[in-house]
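Numbered from 1 within each chain, the chains take letters A, B, ... in sequence-line order.
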Number of protein chains: 2
Amino acid sequence: MDNGIRPRGSTMRHKLGTGKDMDGVSTSPQRSLIAPDNPEPLWVQAAELIERQVREGVLPAGRRLPAERDLCTQLGISRVTLRRALQHLVERGVMRSSHGRGWYVAARSDREWPNSLESFTETARRKGLVPTSRVLRAEVKHASLDEADEFGVAAGADVFLLERVRMLDGVPIAVDSSRVVANLVPGLASVDFSRASLLDELVAAGAEPVVAESTIEARGCAPEHAEPLQLEPGDPVLTMSQTMTDATDRVVLVSTITYRGDRYRLRTSFVRGS
Amino acid sequence: MDNGIRPRGSTMRHKLGTGKDMDGVSTSPQRSLIAPDNPEPLWVQAAELIERQVREGVLPAGRRLPAERDLCTQLGISRVTLRRALQHLVERGVMRSSHGRGWYVAARSDREWPNSLESFTETARRKGLVPTSRVLRAEVKHASLDEADEFGVAAGADVFLLERVRMLDGVPIAVDSSRVVANLVPGLASVDFSRASLLDELVAAGAEPVVAESTIEARGCAPEHAEPLQLEPGDPVLTMSQTMTDATDRVVLVSTITYRGDRYRLRTSFVRGS
DNA sequence: AAGTGGTCTAGACCACCCC
DNA sequence: GGGTGGTCTAGACCACTTA
């Protein structure tokens with residue numbers, strides 16, 4: 001093998017399968033893991049290929065993978081790269097390793113738990129419910145002193161405020177109140193947020209959140225949330241406040257979601273240690 | 001450099017510093033990163049060394065690290081190993097990289113956020129408060145059908161039940177109700193849990209939890225929790241239910257913590273993506 | 001153009017598991 | 001002892017940033 005990175009479109013550097021290799025990871029005929037024009041890193045492609053086969057049931061829970069060194073030749077990648085992919089799948093709860101024994105597909109229950117807090121949309125998808133929104137407010141206003149501090153902008157700067165009732169199958173579940181610095185995403189005021197995702201707009205505008213700092217607490221329902229949530233003031237609600245930052249450390253989104261206590265439950269799983 | 005792993009106690013393979021190297025990571029005189037008898041992986045040692053210097057202020061927030069290739073020679077490790085350490089520190093919120101520019105110490109605020117849900121003990125430490133416990137119940141009982149299912153044991157098997165009021169500076173904050181399969185940790189009934197940590201006992205018994213699946217919700221306070229929490233029934237409480245599993249997939253701990261809504265707030269930060 | 005992080009490789013040794 | 005994952009290395013090319 002040549003050293004360094006091969007020209008991504010010239011060399012086919014592994015034999016590989018006709019749909020199924022042994023009991024291991026299978027690849028489609030005529031097409032290897034490596035899509036010559038795929039800009040994604042190899043380890044991402046490898047991870048996606050394996051995860052897809054797990055999701056589709058080609059690799060059932062508990063199945064042992066071929067040995068790393070075998071997988072390497074099958075996929076045509078180095079062991080370091082393969083292990084990076086597998087490590088990624090461990091973090092996603094898809095695979096588990098056992099020193100001296102091998103790699104195993106994780107139990108289905110492990111895969112159903114998000115490794116960070118499950119978002120409203122993810123919950124809906126997992127449960128097969130249809131998420132919808134009713135917009136209460138969508139307007140540009142001037143930043144208060146507190147908001148200016150949070151976003152790191154001048155007080156009085158334009159801030160877009162979006163307040164929505166989030167529903168599952170038409171049943172009101174939560175009130176989402178989000179704020180974005182207006183000049184980060186031009187044209188926000190003209191978007192129909194009963195359908196659109198605020199997060200998608202941020203990503204499209206090049207302000208993708210990468211870190212979310214969250215606090216979660218239980219409170220009594222505030223009077224202004226009682227009507228949209230069909231609750232009495234004082235009834236238990238779960239509030240999650242998040243501050244999201246992009247890769248350049250800009251605060252791009254500040255949101256507070258207020259869930260009906262009896263209609264929503266946050267889920268997460270995490271690895272303990274260090 | 002020789003190939004493979006050098007004998008960990010024979011070769012000193014890097015020059016290195018007299019307390020401070022340029023503006024970069026400093027190492028103590030007479031002692032390099034590599035403790036010959038340290039069984040920890042090199043990348044863990046490297047990560048700990050850097051994080052220590054960040055915590056102690058030797059590397060202030062925003063400071064740029066020396067280039068990877070320079071750090072490698074300073075620390076006497078390969079670039080792959082160094083990058084593994086740095087990647088680990090990214091996940092812990094200690095460092096950030098900028099393609100083409102360099103590595104930077106993350107803002108202090110980022111480091112104060114736990115990457116998984118902050119535990120009661122961690123909260124106490126962060127705030128400088130003293131965590132204490134009052135034991136309500138500590139007894140061995142027979143597993144109910146539900147408990148048997150959760151733990152994967154036979155109904156009627158011995159289960160240790162521990163119920164405590166958790167306090168900060170003497171103020172009641174939460175009621176913690178935990179269950180452990182009794183034969184996993186012999187002698188549990190004789191431990192004084194007003195001081196001891198149940199988690200520590202599990203670790204000592206070789207049943208260290210590695211994964212915790214958690215659900216979080218807001219409820220009205222149950223009658224039996226009203227007195228220990230000094231609340232009225234129906235007042236908002238935050239409940240977190242956790243199922244912890246060890247490396248061999250055994251369920252080792254099932255717990256429910258009920259926090260006073262007005263006295264506790266969960267904190268977490270996580271990386272979005274994929 | 002030089003410097004820096006991001007990706008990738010081939011090959012080595014170590015530690016654990018099981019026969 | 002053979003197989004398997006875990007760690008580590010030296011060196012290469014690519015992509016972004018800065019001057």
Heavy-atom check, side chain of B/Val252 versus side chain of B/Val181, under 4.5 Å: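 No; the side chains remain at least 4.5 Å from each other.
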Rounded to the nearest angstrom, tell me the gap between atom [atom1] in [X] and atom [atom2] in [N].
X        : N      : atom1 : atom2 : value
B/Tyr104 : D/dT17 : OH    : P     : 11 Å
B/Leu71  : C/dG6  : CG    : P     : 13 Å
A/Ile77  : C/dT9  : CD1   : P     : 7 Å
B/Trp43  : D/dC8  : CH2   : P     : 9 Å
A/Leu82  : D/dT7  : CG    : C1'   : 15 Å
B/Gln45  : D/dT7  : CD    : P     : 13 Å
A/Leu75  : C/dC8  : CG    : C1'   : 14 Å

With the criterion being N/O to N/O and under 3.5 Å, what pairs connect the protein with nucleotides 1-5 of chain C, and how long is each?
unit_1, atom_1, unit_2, atom_2, d
C/dG3, N2, B/Gly100, O, 3.2
C/dG5, OP2, B/Glu68, N, 2.8
C/dG5, N7, B/Arg69, NH1, 3.0
C/dG5, O6, B/Arg69, NH2, 3.1
C/dG5, N2, B/His99, NE2, 3.1
C/dG5, N3, B/His99, NE2, 3.2

Rounded to the nearest 0.5 Å, the OG atom of A/Ser269 sits from the CD atom of A/Glu118 at a distance of 10.5 Å
Determine which pairs satisfy ring pair (Phe, Tyr, Trp, His ring centres under 6.0 Å) with at least one residue from residues 96-122 of chain B, sequence neighbours left out, and list them in order. B/Phe120-B/Tyr264
Please, which pairs that meet salt bridge (charged side-chain N to carboxylate O under 4.0 Å, His left out) have at least one residue in residues 178-190 of chain A, sequence neighbours excluded? A/Glu147-A/Arg179
Report the relative orientation of the aromatic rings in B/His88 and B/Trp43; use parallel for angles under 30°, tilted for 30 to 60°, perpendicular for over 60°. perpendicular
Could you check A/Gln87 against B/Thr81 and say which one's nearest nucleotide on DNA chain D is further toward the 5' end?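 The 5'-side residue here is A/Gln87.
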Neighbour count >12 (heavy atoms, 6.0 Å) for atom CZ, A/Arg108: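 Counting neighbours around CZ of A/Arg108, 12 or fewer heavy atoms of other residues, nucleotides or ligands fall under 6.0 Å, so no.
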